[in-house]
Structure formats: structure tokens, C-alpha cells
S.K.: 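Please see the structure below; I have some questions.
The first residue of the sequence shown is numbered 1, and numbering continues consecutively from there. As the structure is a prediction and not an experimental result, all values here were calculated from the model. One-based numbering, in listed order, for ligands and for the atoms of each.
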Amino acid sequence: MKAIVLFGAPGSGKGTVAEKLKVATGYIHISTGDMLREAVKKATSVGLEAEAYMKRGALVPDEVIIKLVEERLDKGSPGDLYMFDGFPRTIPQAELLEKSLGSRGGKVDFVIFLDTPRDVLLQRLTGRRTCRKCGWNCHIINLPPKKAGVCDVCGGELYQRPDDQEATIVNRLEVYNKQTESLIARYQTQKVLVKVNSNQKIENLISEIRQILK
Ligand code: AMP
């Protein structure tokens, strides 16, 4: 079981990179944010617990996230290649990931750090629109949908995630700076962190990352 982590602030492009890399490489995309949004939509017990945290841009408690990821890995097979997006976000989550992969004979091979200036993060997040049905993301200026308000992939309705509204974005970036950024040092020490400039054309970014994965 091999794994890479796409790491970076909200708006650094983790989801977009994951979608493209998935097609190009066969890595299985695991986004805890997508899993949580799905749980909220279905009003499962996890969804009901997570919703309030997500709305205010806070992190969902580690126990909830760890259970979600463990359950997902339990369904996997030994040869799987995983690409984590938005996970881990805290030291306990990183410890869990290492333990969990270790017990399955795997490890984190690379942590790809998508480095992005703050003004770019804000511009990307405020303009992001998401499909209510399939989760596809676009941007009203950088990557507009073919038809305004309609998902290119499934025809579903595009909406602005409640946590992509300006007041919440500021909080999410602060949470990232305070709680998540500290993981960089951990992964640097483990010599698995590779920093890439996320403020470049997506095609170039993807080929840079593919080069690293080779
Ligand atoms: P994302 O789609 O990755 O930006 O996640 C959206 C929201 O889901 C975050 O602002 C958190 O509230 C929650 N979330 C997603 N992943 C995690 C995680 N690994 N740990 C804690 N909260 C998370």
C-alpha cells in the first residue's frame, strides 16, 4: 500500500491536482473534505457532528476524521496507491496515517506541498463554485463552467460552499496557519516533503508532480 499526500492551504489546488493526477496515474483519491460533505448531505451521524465545525471553517475533531479514514483504508487492498487530499491536517492525524499505513506494509512516500501566495488563495476560494450533485469544482473567472450555474460534468446545480464565503475563508486560512502548517516540519524531518509552486498553469504543475512521483 503506497501513499502520497497533497498538502497545502485551502485554495492551494489540492482537489484540482487530485482530479487530474487520478486520471493520469491511477492513484485513489481520498479527500476527507469530500467525504464529510457527502456525510452532511446524507445527514449521517458523522455528517450531523461535522456540519457545525465545517460551517465556521474549524477543523472537525480528530476522532471523527481518524475513524473515517480507517474505515476507508479497511476497504482497500494491499496493492492500492492512495492520494490523500486535505488529510492529515493535525499531528494526531499524521500519526494515525503512519501507523495505519505501517500496519498494512505501506508508508507515506511523498508529501507534495502546494505552495501558494495568500492573495491567490483568497481569489481562488471566493470564486470557487461546486456541483451540489457530484462535487465538481470550477471558478467563475479562472475556469468558468460552459453554462453559468451548471456543472460541466453532470449538469447538476453549481453553488458556493458555505465555507467559501469570505468571512469563513479568513478563519480557514488562520486554522491552516495555526494547526496544519506545523506538519511541514514533521514531513521535512522525514525527508518526504517536496515543495512545488501551485501558482502556475495546471498542466505544468501536473507534469512537475508526475516527474517527482517517477
Ligand atoms: P476541504 O474540502 O479539505 O477544504 O475541507 C472542508 C472542511 O472539512 C474543513 O474546513 C474542515 O472543517 C473539514 N475537514 C476536512 N478534512 C479535515 C481533516 N483532515 N481534519 C479536520 N477537518 C477536516
S.K.: Return the orientation label for the Y187 and F7 ring planes: parallel under 30°, perpendicular over 60°, tilted otherwise.
M.R.: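 Ring orientation, 0 to 90° scale: perpendicular.
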S.K.: Give the atoms of ligand 1, by number and element, whose distance to some non-hydrogen atom of A58 is under 4.0 Å.
M.R.: 11 (C), 12 (O)
S.K.: For G33, take its heavy atoms, then give the atoms of ligand 1 lying under 4.0 Å from any of them.
M.R.: 2 (O), 5 (O), 15 (C), 16 (N)
S.K.: With atom 13 (C) of ligand 1 as the reference point, say which of D163, L36, T32, D62 has the nearest heavy atom.
M.R.: L36
S.K.: Enumerate the residue pairs fulfilling side chain to side chain donor-acceptor pair (under 3.5 Å) with a member in residues 204-214, sequence neighbours excluded, ordered by first and then second residue.
M.R.: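 As it turns out, the side chain to side chain donor-acceptor pair (under 3.5 Å) pairs with a partner in residues 204-214, which skip direct neighbours, are Q200-E208.
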S.K.: Could you list the atoms of ligand 1 found under 4.0 angstrom from a heavy atom of R161?
M.R.: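 Those of ligand 1 that fall under 4.0 Å from R161 are 1 (P), 2 (O), 4 (O), 6 (C).
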S.K.: Can you tell me how far apart CE (M35) and CZ (R72) are? Round to the nearest 0.5 Å.
M.R.: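 The CZ atom of R72 is 7.0 Å from CE of M35, to the nearest 0.5 Å.
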S.K.: Is there any salt bridge (charged side-chain N to carboxylate O under 4.0 Å, His left out) pair reaching into residues 93-104, and which pairs are they, with sequence neighbours excluded?
M.R.: E70-R104, D74-R104, E98-R186
S.K.: To the nearest 0.1 Å, how far is atom 22 (N) of ligand 1 from its closest protein heavy atom, and which atom is that?
M.R.: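 Sorting protein heavy atoms by distance from atom 22 (N) of ligand 1 puts V60 N, 3.0 Å first.
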S.K.: Nearest non-hydrogen atom to atom 15 (C) of ligand 1 belongs to which of K55, R89, Q93?
M.R.: R89
S.K.: Under 3.5 Å between some N or O of ligand 1 and some N or O of L59?
M.R.: no
S.K.: Ignoring angles and geometry beyond distance, decide whether Y53 reaches within less than 3.5 Å of ligand 1 through its nitrogen or oxygen atoms.
M.R.: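 Y53 vs ligand 1: no N/O contact under 3.5 Å.
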S.K.: When you look at CD of E203, are more than 12 heavy atoms from neighbouring residues, nucleotides or ligands closer to it than 6.0 Å?
M.R.: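 Yes, enclosed.
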S.K.: Is there a heavy atom of K14 sitting under 4.0 angstrom from any atom of ligand 1?
M.R.: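 No, that is not the case, since the closest heavy atom of the residue is not under 4.0 Å from the ligand.
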S.K.: Are K55 and E51 within salt-bridge range, i.e. N to O under 4.0 Å?
M.R.: yes
S.K.: Using a 4.0 Å heavy-atom cut-off, which part of A50 comes near ligand 1: side chain, backbone, both, or neither?
M.R.: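 It is neither; nothing of A50 touches ligand 1.
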S.K.: For atom 8 (O) of ligand 1, find the nearest protein heavy atom and state the residue, atom name and distance (0.1 Å precision).
M.R.: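 Protein heavy atom at minimum distance: M54 CE, 3.6 Å.
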S.K.: Checking a contact table here: which protein heavy atom is nearest atom 10 (O) of ligand 1, and how many Å away?
M.R.: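 Looking at atom 10 (O) of ligand 1, the protein heavy atom closest to it is R172 NE, 4.0 Å.
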S.K.: Mark up the atoms of ligand 1 that fall under 4.0 Å of a heavy atom belonging to G86, in ascending order.
M.R.: 16 (N), 17 (C), 18 (C), 19 (N)
S.K.: Taking only non-hydrogen atoms of P10, do any sit less than 4.0 angstrom from ligand 1?
M.R.: no
S.K.: For M35, is the nearest heavy atom under 4.0 Å from an atom of ligand 1?
M.R.: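 Judged by the 4.0 Å heavy-atom criterion, M35 does not count as contacting ligand 1.
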S.K.: Is it the side chain (CB and beyond), the backbone, both or neither of E51 that lies under 4.0 Å from ligand 1, heavy atoms counted?
M.R.: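 No part of E51 comes within reach of ligand 1.
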S.K.: Looking at R172 and D164, is there a salt bridge between them, counting it only when a charged N and a carboxylate O are closer than 4.0 Å?
M.R.: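 R172 and D164: salt-bridged.
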S.K.: Should the pair K178-E174 be classified as a salt bridge under the 4.0 Å nitrogen-to-oxygen rule?
M.R.: yes
S.K.: Given L193, which partner from the list I112, L183, V111 fulfils the side-chain contact (heavy atoms from CB on, under 4.5 Å) test?
M.R.: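 Exactly one pass, corresponding to V111.
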S.K.: Would you find a donor on one side and an acceptor on the other, under 3.5 Å apart, between the side chain of T44 and the backbone of G47?
M.R.: yes
S.K.: Just so I know, are the side chains of L143 and T16 near enough to count as touching, which here means a heavy-atom distance under 4.5 Å?
M.R.: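 Side chain of L143 against side chain of T16, heavy atoms only: no contact under 4.5 Å found.
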S.K.: Under a 4.0 Å heavy-atom limit, does I65 contact ligand 1 with its side chain, its backbone, both, or neither?
M.R.: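 Side chain only.
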